[in-house]
Asker: 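Dropping the structure in here first, questions after.
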Amino acid sequence: MEFMVDDSRPIFVQIAERIEDDIVEGRLPEESQVPSTNQFASFYRINPATAAKGVNLLVDQGILYKKRGIGMFVAPGAKARLMDKRKERFFEQYVMTMLREAEKLGITVNQLTEMIQKGANHR
Amino acid sequence: MTAVVEVSRLTKSYRDVTAVDDVSFAIEAGKIYGLLGRNGAGKTTLMQMITAQAFPTIGELRVFGESPFENNRVLSRICFIKESQKYPDNYRVADVLDLCSDLFPNWDRDFADRLVEAFRLPPKRQMRKLSRGMLSSVGIVAGLASRAPLTIFDEPYLGLDAASRSLFYELLVEDYAEHPRTVILSTHLIDEVSRILEHVIVINDGRVLIDEETDSLRNRAFTVSGATADVEAFAKGKTVLHRETLGGLASAIVVGNPGADDRQLARSLRLELDNVPLQQLIVHLTSRKSYGKEAKA
């Protein structure tokens, strides 16, 4: 299930990542309100303090901001900044991993380039 | 942060057994704690002392800043739900709940009624005619609806099925969010409860092995796996909690958080790095005697 949390990584980090995903994929538009920590806590059945820590991580990074007495909101420009951050990670996470796996299987860089092209044409 | 429970150099010895051995820790207000450890580790003895049901042999114990013994100011703020709770013979479920409403100043009758329904308890049935799981449910209802500033659950769910346990976690998180209080949850079902625990205290052989925020504990160790010789090369100079081999393959649980160097080394040796689930980590920590010494050093 997608909303399960993984017990082998800090949960506050996972909460921050879920919110980031929601912003990048447009489910949480800029200037929209983020669920409260208690809502996160009861949805994921996690400790509210842990949920608050995840939210605060994004506040510290300027991705979310607090409106006093109302709640947390997505900051303007948050999506673009998150996408930049993800593009940096994309290289290590996908490109390098793919190259290493390809090497194990004896796939050359040229073959790989062809496969990418083929995949792009199929979309 | 104010401490609700302060334990300092606490020891409890029975004739030839030291159940709790020179233990010190503090329980901070408004958090959910897990008190974890193997059978016979000393958890129940600790909880009995905190709730004034057993005297310490040596050491200091303060609950809400005072000694709990024969102290109603302290005891009226504690709700202790234990697996072995006995009830008077002719008591019905409703009688137990009535008694609770007298005992606990914060008792919420409406909430208790909703809980009775949620756990499908028959209010008019006699306690001695309840199944094991239903008895546990009564304890859970009492523990939640008491809203006691310090609520302690000692293995509260003997005989409870997975659906009821899940309901318990859900209700605990929801009610705690609305009515913050200090909760101590002692259990073996680490996998199930770990995500609602803010802080974990692990007791092993009567001593405190771990006293740490749950999320930082999730970063305490990682698994490395691959060809045996490469795993050994990687693990050299590191603290290894556990090793397994299968043919030419090995995996090891290594203490620490892998740094950039470790990741680089793992890549060059074609090793896989993985996270360790909390339950597995605690199992390995408490089944290895020498770790306690290293951790204390």
Side-chain angles (χ1 to χ4, degrees), chain A residues 1-20 34-61 71-72 88-107, chain B residues 1 28 30-34 165-180 183 185 189-200 212-223 253 257 260 263-264 266-268 270-282:
Chain A
M1 276 185 289
E2 212 208 335
F3 58 85
M4 291 296 280
V5 291
D6 167 5
D7 200 24
S8 63
R9 292 195 305 132
I11 290 173
F12 79 95
V13 175
Q14 299 177 53
I15 294 300
E17 287 170 355
R18 298 285 163 84
I19 300 172
E20 285 185 359
V34 176
S36 72
T37 51
N38 286 352
Q39 285 171 320
F40 277 120
S42 68
F43 184 73
Y44 293 113
R45 286 185 205 166
I46 58 170
N47 192 297
T50 311
K53 208 172 155 191
V55 169
N56 287 332
L57 188 67
L58 296 180
V59 172
D60 291 345
Q61 294 170 5
M72 296 293 180
E88 284 169 30
R89 243 191 300 164
F90 180 83
F91 182 73
E92 183 51 45
Q93 211 173 349
Y94 295 98
V95 179
M96 291 310 289
T97 311
M98 181 171 70
L99 284 169
R100 279 192 292 272
E101 184 67 18
E103 196 191 338
K104 271 191 225 168
L105 300 175
I107 299 170
Chain B
M1 275 289 170
E28 288 171 4
K31 293 188 177 178
I32 302 182
Y33 280 76
R165 295 200 301 271
S166 168
L167 181 64
F168 168 54
Y169 307 136
E170 184 184 333
L171 293 164
L172 174 62
V173 167
E174 274 178 23
D175 198 58
Y176 164 84
E178 277 171 42
H179 303 273
V183 178
L185 204 55
L189 302 177
I190 303 171
D191 267 347
E192 288 188 7
V193 301
S194 65
R195 55 167 134 164
I196 64 177
L197 306 176
E198 183 170 355
H199 199 103
V200 168
E212 203 168 317
E213 212 180 296
T214 318
D215 257 354
S216 71
L217 203 50
R218 293 193 170 91
N219 268 339
R220 270 284 276 280
F222 59 96
T223 306
I253 297 180
N257 205 354
R263 292 190 185 282
Q264 186 62 48
R267 261 200 300 275
S268 64
R270 294 171 187 276
L271 296 172
E272 302 231 0
L273 299 185
D274 272 306
N275 302 304
V276 182
L278 201 66
Q279 168 147 315
Q280 209 187 337
L281 176 67
I282 290 174

Asker: Identify which part of A/S42 has an atom lying under 4.5 Å from any heavy atom of chain B, answering side chain, backbone, both or neither.
Answerer: both

Asker: Counting only heavy atoms closer than 4.5 Å, note whether B/Q280 contacts chain A via side chain, backbone, both or neither.
Answerer: neither

Asker: Side chain, backbone, both or neither: which part of B/L197 has a non-hydrogen atom closer than 4.5 Å to chain A?
Answerer: backbone

Asker: Salt bridge check: are A/E17 and A/R89 linked by an N-O gap of less than 4.0 Å?
Answerer: no

Asker: Show your reasoning for whether salt bridge (charged side-chain N to carboxylate O under 4.0 Å, His left out) applies to A/K104 and A/E101.
Answerer: CA-CA 5 Å; A/K104 271 191 225 168; A/E101 184 67 18; 3.5 Å; yes

Asker: So for B/Y176, is it side chain, backbone, both, or neither that comes closer than 4.5 Å to the heavy atoms of chain A?
Answerer: side chain

Asker: For B/N275, does its backbone N or O pair with a side-chain atom of B/R218 as donor and acceptor, under 3.5 Å?
Answerer: no

Asker: Will you find, in the side chains of B/S166 and A/R45, an N or O donor that is under 3.5 Å from an N or O acceptor?
Answerer: yes

Asker: Looking at A/F12, is its backbone amide N or carbonyl O close enough to the side chain of B/D215 to form a donor-acceptor pair, meaning the two atoms are under 3.5 Å apart?
Answerer: yes

Asker: Do you know which of B/D191, B/L171, B/V173 has the most heavy-atom pairs with chain A at a distance under 4.5 angstrom?
Answerer: B/V173

Asker: Under a 4.5 Å heavy-atom cut-off, does chain B meet the side chain of A/Q14, its backbone, both or neither?
Answerer: neither

